[in-house]
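Since the structure comes first, as structure tokens, the remarks are kept for the end.
Residue numbering restarts at 1 for every chain, and letters A, B, ... go by the order of the sequence lines. The structure displayed is predicted, hence computed values, not measured ones.
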2 protein chains.
Amino acid sequence: MTPERQPTAQPTPARLFDTINAHQRTEAIKSAIELDLFTAIAEGKNTAKEIAEACQASERGTRILCDYLVIMEFLTKEGNRYGLTPDSAMFLDKRSPAYLGTVIDFMLSPMLTDNFKKLTEAVKKGGSAGGEDTVVAPDHPVWVKFARAMAPMMAMPSQLLARLADPNGNQKLKILDIAAGHGLFGLAFARQNSQAEITAVDWPNVLEVAKENAQAAGVSDRYHTKPGSAFEVDYGTGYDVVLLTNFLHHFDVPTCETLLRKVRASLAEGGRAVTLEFVPNDDRVTPPQAAGFSMMMLGATPGGDAYTFAELEQMFTNAGFTRSELHELPPTIQRVVISNK
Amino acid sequence: MTPERQPTAQPTPARLFDTINAHQRTEAIKSAIELDLFTAIAEGKNTAKEIAEACQASERGTRILCDYLVIMEFLTKEGNRYGLTPDSAMFLDKRSPAYLGTVIDFMLSPMLTDNFKKLTEAVKKGGSAGGEDTVVAPDHPVWVKFARAMAPMMAMPSQLLARLADPNGNQKLKILDIAAGHGLFGLAFARQNSQAEITAVDWPNVLEVAKENAQAAGVSDRYHTKPGSAFEVDYGTGYDVVLLTNFLHHFDVPTCETLLRKVRASLAEGGRAVTLEFVPNDDRVTPPQAAGFSMMMLGATPGGDAYTFAELEQMFTNAGFTRSELHELPPTIQRVVISNK
């Protein structure tokens, strides 16, 4: 439901109403994933009646949901027959290797969405109104959910990152993966470089997921873990690469700088910190997805943000790093900052 | 979280992530309206710091919210200065006569939004999962909220409708306004035709709002009320026009037909039912806002829908009307069906 601007310059409240009702879009895609509606269509059910039977739902409810998915451009409609768009076939058919339906388990967990119910309060105070129970609380169970739900969408970016930071992939490499989560970023390095040795830091329950993934990747012998807070656990020293993937955005600048000093101390001479982040341009409003991530951090964290490259560079400089470089990671919307000790 | 961004034919999960996160848009516009942020900008505050002070909010939260509003195209940004788009200046500056910020009191009342939290269940059963407490429950207090919150956005459509249905506005006209709510539709007829006499039906508390509006319009002497359910109250007879504005969509077809037979019985010979509705095309997926309204009815009602003209025409025929005609009501997204007794 893209707001339809009148061909004239006449003001219209269409965008306002679409935005007020945007929560319905969230619920509609969530329901479609929960009902596994896209897989039913992929399997050849294509009228509301057939899809409803496959999803064990009512025909009326299914028809209304399918029409809404057509309006949102997740489905096509010819006569009374629904079909998948190329994006839906790739990412929402459960049989697709690129299936991403699991992400709702994390992205729409009450932990994240409930905070947005108090957004006005968050704007007033300048940070999550979720009280002590934010995503940065110690050992928060939401991160196990994260590790399981978000792994599928990290397969491609993790490979791209490993290729960017270790293009030859044939030299001994000691890697520290901070807040490893599912572990996929460190594991991508281990996969493409048989001499890479990974040490993963995260909460104990989260590391169980990373270890499962290391086993599945057949690299358990080169996969080590250090359970605990990234701010408190002893990293050890002599790392060639420290990975900071989607971690700094949870914290305010002083907290990031404290962490980066610790990261720097763990690096060998010539070592590098490799940061994957949502990095908006200096205008903070482009590109839209990276810039919009600030809102997620306002809702979910006490002081996190989507930092610009200038801000990240300054943090690394203040923590004693000599030089930081910005890299794009196409086709992802994220960017990489490589900072030299 | 790495949605891809290429505008190529390459599949991309960007739409999926935008849709999953769409609830944040709802909360962001709600917060901006609650904080009266648009009025602050209209009054000349235009940096995050100035806006924050005017809204009694934090600078950080205000900056993140304003940037998000720029991304959503409710604000502009030049350097670190925010400005209003023409739409925002018209509809979101509290000092504007076309201010629509009040609509969130109804459209985002828990009554409506909570049902969407159970959308999967609604799709399964084919109607609202809100139990007995749906918007069609007798004398539901949400309708008083509706009458107060939604009146501002009905000013223009109500005038357009009165002009369409009573173009000369100079003949005696007895009008029945069913589920009158704020009363604006009937009152528009009364305003443009000094010989129009209005009888409004709605729940008693709602009619208090309509009576206030009749008084404000200076037409109390021609404004009568019949408190009670539109399905039960005695309408009386001899009406030239019966108004059915945004009412039929709450009910299933048999219920609508029952009501329309009652409406027909109340009309004088030559009388007309004038229905204002969200009327999708026969494909049920265009135009997007009218078609998407079905989803609202799935979430909020046991059996309501956005009916096509063919469906409405059939209901009127089944109820004994002779002929129905479809009219556009530009620039609104609603349509009008005029049905002759």
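Here the straight-line distance linking atom OG1 of B:T120 with atom NZ of A:K30 works out to 6.0 Å at 0.5 Å rounding. To the nearest 0.5 Å, the span separating CD1 on B:I20 from CD on A:E27 amounts to 11.5 Å. From A:R25, atom CZ reaches atom CZ of B:R25 across 7.0 Å, with rounding to the nearest 0.5 Å. Here the CZ atom belonging to B:F293 is positioned 12.5 Å from the CD1 atom belonging to A:I71, to the nearest 0.5 angstrom. To the nearest 0.5 Å, the span separating CZ on A:R284 from CZ on B:R63 amounts to 4.0 Å. The distance from the OG1 atom of A:T26 to the CD atom of B:Q24 is 8.5 Å, given to the nearest 0.5 Å.
Residues B:P302 and A:R60 come closest through the heavy atom pair O-NH1, 3.8 Å. Contact between A:A122 and B:S58 at its shortest, heavy atoms only, is O-OG, 4.5 Å. Closest of all the heavy-atom pairs between B:V123 and A:A57 is O-CB, 3.7 Å. In plain terms, the two heavy atoms of A:F91 and B:T12 that are nearest each other are CE1-C, 3.3 Å. Closest heavy-atom contact between B:L100 and A:P13: CD1-CB, 3.7 Å.
Both the backbone and the side chain of A:T113 come within less than 4.5 Å of a heavy atom of chain B. Using a 4.5 Å cut-off between heavy atoms, A:M90 contacts chain B through its side chain alone, with no backbone atom that close. In this structure, chain B has heavy atoms under 4.5 Å from both the backbone and the side chain of A:A28. With a 4.5 angstrom heavy-atom cutoff, A:K118 does not touch chain B via any of its atoms. The contact between A:I64 and chain B is made by backbone and side chain atoms together, counting heavy-atom distances below 4.5 Å. For B:D18, the part sitting under 4.5 Å from any heavy atom of chain A is the side chain, from C-beta outward, and nothing else. Heavy atoms of A:K125 lying under 4.5 Å from chain B belong exclusively to its backbone. Proximity to chain A is limited to the side chain of B:Y68, based on heavy atoms less than 4.5 angstrom apart. Contacts between A:D67 and chain B at a heavy-atom distance below 4.5 Å involve backbone atoms as well as side-chain atoms.
At least one side-chain heavy atom of A:L108 sits less than 4.5 Å from a side-chain heavy atom of B:H23. Taking 4.5 Å as the limit, every side-chain heavy atom of B:I333 sits out of range of all side-chain heavy atoms of A:F17. Residues A:T19 and B:F74 meet the side-chain proximity criterion, which asks for heavy atoms closer than 4.5 Å. Side-chain contact check for A:L16 versus B:D87: every heavy-atom pair is 4.5 Å or farther apart.
Annotation: side-chain hydrogen bond (donor to acceptor under 3.5 Å, both in side chains) contacts involving residues 89-111 of chain B, sequence neighbours excluded, comprise B:D93-B:R95. Residue pairs that meet the side-chain hydrogen bond (donor to acceptor under 3.5 Å, both in side chains) test with at least one member in residues 291-302 of chain A, sequence neighbours left out, are A:S294-A:D305.
Counting heavy-atom pairs closer than 4.5 Å to chain A, the top-ranked of the candidates B:E34, B:E73, B:M72 is B:E73. Contact tally against chain A (heavy-atom pairs below 4.5 Å) for B:E121, B:M153, B:E59: the top residue is B:M153. Listed options A:V70, A:L119, A:T286 were ranked by heavy-atom pairs under 4.5 angstrom with chain B; first place goes to A:L119.
Take B:H249 and apply the side chain to side chain donor-acceptor pair (under 3.5 Å) test, not counting sequence neighbours, and it matches B:E277.
At a heavy-atom cut-off of under 4.5 Å, chain A is reached by B:Q56 from residues 45-56 of chain B, listed in order of number.
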